[in-house]
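For ligands, and for the atoms within them, numbers begin at 1 and follow the listed sequence.
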Amino acid sequence: MSRFAEGPDPVFHELNRSLPFDRRLWPQDVAQSRAHAGMLAAQQIIGQEDRDAIHAALATVETELAEERFPFADADEDIHMAIERRVTELAGPAGGRLHTARSRNDQVATDLALWVREEADAASELVTGLMRALCNAAERHLDWPMPGYTHLQRAQPVYLSHHLLAYVWMLDRDRVRLAAVRASAGTLPLGAGALAGVNFVTDRAAVAAALGFEHGPAPNSIDAVSNRDFALDFLAAAATCATHLSRLGAEIVLFSSEEFGFCEVSDAWASGSSIMPQKKNPDAAELLRAKAPRVAGHLVALHGVMHGLPLTYNKDLQEDKEHLFDAADTLSLCLRAATGMIATTTWNAERLHAASGDEMIAAVDLADLLVRRGLPFREAHGVVAGLVRDALAAGVPLSGLSREQLAARSELIDEEYYEVLRRGTWLESKVSAGGTSLDRVCEQLADARALLAA
Ligand code: ARG
């Protein structure tokens, strides 16, 4: 019997139906139904035989879904109704007792929280894999100098290992964010009913324990069915992580161009041109660059769905899923691609060396020489800026300026000026913690490795 005299308009059915995308929540829906039926029997809300019949039917449903031979029906609106319908077909009247003390509102929130928790863990694993690939690449290029940039202008030289390790720390913050997502999805919505609670003495703590919600049952039933903060949190963490991959991709695009020539992605991560036979395009890196706004777009879209939404459940909330699913799939794909690409990218020692050998890059070191002679840094900066102008005007490197030209800028400059330029020690002079001297980079690499081993 139904309240409705006629069935849904086909267009409404298509609009309303979430089965095409929420069917991937089936493992979560089976798990929670199992836990729910177990609790109902333990509380003597349903009989043991009913529970056993439900559990047996759920086992069949699970196999059918895993083997992709579950008999979906056109009328199935979503995965929750499809599974309940099938359980009732298989278990008879006992199946009709499964939805006792449960609503699709607390059911869908629970499935989604379970899914977000698993997905956050999976993403974190992939992030760890990429961190490992970056550490390995850093180790292979420990003392390869390269120019460091600000404003994309050569600024100060650094070691390639130091530059690659920068991404490791960015990614480690992503892992921290993903762990926080797991915690934010750590309270159990189930048991909230439609919104007000249910007319039975349930044991929500037992269900929370059975499903691994370590923060126990959500304390407020109204909040429990309205809450999608954990989905926003996942999307925010995913968007930031995708943005990190985008910056990595962008640098690989730049560095692998002929103009830079710093690196070359392996053939397995590049494609050719349909017309220009000589081309090798870093498509994977370009796509890493371009996928990030798509993930961030999903975050913005869900904020749009949630903002101004009255409590409690509204069908609007069904729109959370496609944003989450696409963001998670996109992030996973990008993380796997970044890992493979970084592991096989080769770096060109000569090009890196030539680009970082530019004497101009020693300007700060020359200013610091004057600082050690007692000149305030701001004045030393001015003196060296004058020398840079002199060198550029004369078309010579900094070491090509004469003693007289130096003296004209400051009487504090002596032979050691040439010495600093000759030694070329401006990498090894960066001894501050987190700096580019080799000892510091090795320390950093060891810290990063320890983080990965933990
Ligand atoms: N397919 C729905 C969703 O994804 C399930 C919850 C429906 N609840 C309801 N009262 N109509 O949000």
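- In this structure, the protein non-hydrogen atom closest to atom 5 (C) of ligand 1 is Asp78 OD2, 3.4 Å.
- Distances from ligand 1 to the non-hydrogen atoms of Glu77 include no value under 4.0 Å.
- Listed by atom number, the atoms of ligand 1 under 4.0 Å from Lys321 heavy atoms are 3 (C), 4 (O), 12 (O).
- At least one test fails for Arg247 against the ring of Tyr167: distance under 6.0 Å to the centre or angle within 45° of the axis.
- Side-chain contact check for Leu445 versus Ser161: every heavy-atom pair is 4.5 Å or farther apart.
- Ion pairing between Lys321 and Asp22 fails under the 4.0 Å rule for side-chain N and carboxylate O.
- Around the CD atom of Glu67, the shell of radius 6.0 Å holds more than 12 heavy atoms that belong to other residues, nucleotides or ligands.
- Of all the atoms in ligand 1, the ones that sit under 4.0 Å from a non-hydrogen atom of Ser18 are 1 (N).
- Side-chain rings of Trp26 and Phe70 stay apart, their centers remaining 6.0 Å or farther from each other.
- Close contacts between ligand 1 and Val108 involve ligand atoms 3 (C), 4 (O), 6 (C) [criterion: under 4.0 Å to a heavy atom].
- Scanning the protein for heavy atoms near atom 9 (C) of ligand 1, the closest one is Asn105 OD1, 3.4 Å.
- Shown here are the salt bridge (Lys or Arg N to Asp or Glu O under 4.0 Å) partners of Arg154, two or more places apart in sequence or in another chain: Asp358.
- Among all non-hydrogen protein atoms, the one lying nearest atom 11 (N) of ligand 1 is Arg104 NH2, 3.5 Å.
- In terms of protein heavy atoms, atom 2 (C) of ligand 1 is closest to Gln318 OE1, 3.2 Å.
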When the side chains of residues 187-202 are checked against the rest of the protein, which donor-acceptor pairs come out under 3.5 Å, sequence neighbours left out?
none

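- For ligand 1, the polar-atom distance check finds an N/O of Tyr313 within less than 3.5 Å of one of the ligand's N/O atoms.
- For the pair His80 and ligand 1, the shortest N or O to N or O distance does not fall below 3.5 Å.
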